[in-house]
Engineer: 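Please see the structure below; I have some questions.
Per chain, numbering begins at 1; letters A, B, ... match sequence-line order.
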Number of protein chains: 2
Amino acid sequence: MSESEFGSASIYRILKKAGAERVGDDAIIEMKNALEDIGVKIGQKAAELANHAGRRTVKGADIKLAVKTFLEK
Amino acid sequence: MSESEFGSASIYRILKKAGAERVGDDAIIEMKNALEDIGVKIGQKAAELANHAGRRTVKGADIKLAVKTFLEK
């Protein structure tokens, strides 16, 4: 059992929504790990941006800019 | 209320793990949307890769390669 933050049913629905005909169990596990990893990376950038703006609270705008920076890389 | 696939508590923990001191409610919502969006994009690539390999089932290897391609972009 994986101890991911994300539930298998949610990941399964996302993969079906993305057009997957069938989804292997290993795909669910990989996807959970990948999304959690990406989430932490975006969070790190966002925390850095909040800090840069002199705030202790990470806001939506920090996440938005962090995602943008992350995807541009 | 947002109808994301991801729970607020999970997203909060990911942001804390990433180093956020405090987390605004709007940050949680942005993060849910961003991760679901990224998940669908990775899933689309993975489904395409499975199809390319002559499979109807998306496997872990498809996700791995899709994530790699996604992050390289």
Engineer: If I take atom NZ from residue B:K64 and atom CG from residue A:N33, how far apart are they, to the nearest 0.5 angstrom?
Structural biologist: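 The NZ atom of B:K64 sits 9.5 Å away from the CG atom of A:N33.
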
Engineer: Between A:I11, A:D25, A:V67, A:L35, which has the largest tally of heavy atom pairs under 4.5 Å with chain B?
Structural biologist: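 It is A:L35.
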
Engineer: Decide whether B:Y12 and A:V40 are clustered together by the hydrophobic rule: side chain heavy atoms of Ile, Leu, Val, Met, Phe, Trp, Tyr closer than 4.5 Å, transitively.
Structural biologist: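 B:Y12 clusters together with A:V40.
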
Engineer: For chain A, which candidate among B:A27, B:A9, B:G43 shows the most heavy-atom pairs at distances under 4.5 Å?
Structural biologist: B:A27

Engineer: Measure the spacing between CD of B:E36 and CZ of A:F6 and express it to the nearest 0.5 Å.
Structural biologist: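 Between B:E36 CD and A:F6 CZ, I get 10.5 Å after rounding to 0.5 Å.
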
Engineer: If I take atom CD1 from residue A:I63 and atom CD1 from residue B:I29, how far apart are they, to the nearest 0.5 angstrom?
Structural biologist: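 The CD1 atom of A:I63 sits 11.5 Å away from the CD1 atom of B:I29.
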
Engineer: Who in residues 14-24 of chain B is close to chain A, using a strict under-4.5 Å heavy-atom cut-off?
Structural biologist: B:I14, B:L15, B:K17, B:A18, B:G19, B:A20, B:E21, B:R22, B:V23, B:G24

Engineer: If two hydrophobic side chains count as joined below 4.5 Å and joins carry through other members, does B:F70 share a cluster with B:L49?
Structural biologist: no

Engineer: So which heavy atom on B:E5 is nearest to which on A:S10, and how close?
Structural biologist: O-OG, 2.9 Å

Engineer: Which atom names give the shortest non-hydrogen contact between B:M31 and A:G39, and what distance separates them?
Structural biologist: CE-O, 2.9 Å

Engineer: Decide yes or no for A:I38 and B:I42: does some side-chain heavy atom of the first lie under 4.5 Å from some side-chain heavy atom of the second?
Structural biologist: yes

Engineer: Quick check for you: among B:K59, B:R56, B:Q44, which has the greatest number of heavy-atom pairs under 4.5 Å with chain A?
Structural biologist: B:R56

